[in-house]
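Starting from 1, each residue takes its place in the sequence as its number. Quick caveat, the model's predicted, so the values are computed rather than measured.
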Amino acid sequence: MTHALLYSRAPLGIQAREVRVETHLAPGLPAFTIVGMGDTAVRESRDRVRSALVNSGFEFPQRRITVSLAPADLPKDGGRFDLPIALGILLASGQLGKLDGNQYEFIGELALNGALSQVPGMLPCALACQHTGRTLIVPRDNADEAALAGAVTVAGDRLAQVAAHLTGQSLLSQHAHPAPQANTFQGACLSEIRGQAAAKRILEIAAAGGHSLLIVCPFKPRLVIFSSHILPPSKQ
């Protein structure tokens with residue numbers, strides 16, 4: 001096999017678009033090209049993926065490698081596509097055997113030693129993946145957030161672990177989100193909000209210090225919330 005197709009996600013506001021990660025190996029002088037409207041971080045995946053594969057005990061093919069991130073007109077950023085790109089190269093070069101790529105979605109940035117690093121924007125990706133019925137494979141640090149959305153989540157620490165799972169050599173267990181702790185407070189609670197860690201942290205700091213707060217929603221129509229003083233819920 002010289003062609004592989006895997007799936008990933010690109011966050012777009014509160015949604016996440018499906019991204020098809022296609023990998024093709026062709027004869028000729030060695031080259032590694034990534035197309036599909038990726039930013040600098042996406043283009044730098046070439047160096048991260050090459051080092052991660054070699055340091056994980058795999059062979060980096062000395063062929064013309066073309067990776068397409070489709071749809072081509074969708075802007076893509078960050079290192080979230082490192083994992084599917086690396087696995088696509090392994091699959092296209094025959095190092096993963098046969099794999100039904102339609103069963104999985106992959107998100108994760110690779111360190112040079114093959115370790116998987118956390119990426120932002122996991123919640124909308126997990127919510128979108130949940131509706132497809134695919135299993136979402138993510139870095140360990142993203143596992144709680146992905147499982148919180150209800151997606152079937154498998155978490156790994158390294159590229160080699162994910163590859164061993166896909167080949168059946170050493171299966172990774174499905175990640176379950178920890179059960180929420182009992183809360184005796186009867187009113188609305190920030191713990192009921194999924195994601196939005198930065199916004200919740202800001203609200204907590206403002207409430208604790210009695211500071212003024214201005215929140216501007218990025219979506220149209222814009223919603224502006226202003227409070228000259230935030231009181232505990234029982235006093236509002």
> Within the distance-only criterion (no hydrogens, no angle test), does the side chain of Gln62 pair as donor or acceptor with the backbone N or O of Pro30 below 3.5 angstrom?
Replying inline: no
Tell me whether Ser93 contacts the main-chain N or O of Leu90 through its side chain, where contact means a donor paired with an acceptor under 3.5 Å.
yes
Between the CG atom in Leu112 and the CG atom in Leu53, the distance rounded to the nearest 0.5 Å is 11.5 Å
message = When you compare the side chain of Pro75 with that of Met37, does any pair of heavy atoms fall below 4.5 Å?
response = yes
For Glu18, the side-chain hydrogen bond (donor to acceptor under 3.5 Å, both in side chains) test, sequence neighbours excluded, returns Arg134
message = Can a donor-acceptor pair be found, under 3.5 Å and without considering hydrogens, that links the side chain of Arg158 to the backbone of Asn113?
response = yes
Quiz item: Parallel, tilted or perpendicular for His165 and Tyr104, by the 30°/60° rule?
Solution: perpendicular
Checklist entry - Is there a donor-acceptor contact under 3.5 Å from the side chain of Arg80 to the main chain of Ala10? => result no
**Report entry** Test item: Arg9 side-chain N/O and Ala16 main-chain N/O as donor-acceptor pair under 3.5 Å
**Finding:** yes
With Thr23 as partner, the option from Ile65, Ile85, Ile34 fulfilling side chain to side chain contact (heavy atoms under 4.5 Å, CB included) is Ile65
Fill in: Backbone of Gly36 reached by a side-chain donor or acceptor of Lys76 within 3.5 Å
yes
Closest non-hydrogen contact found for Leu172 with Ala155 is CD1-O, 3.5 Å
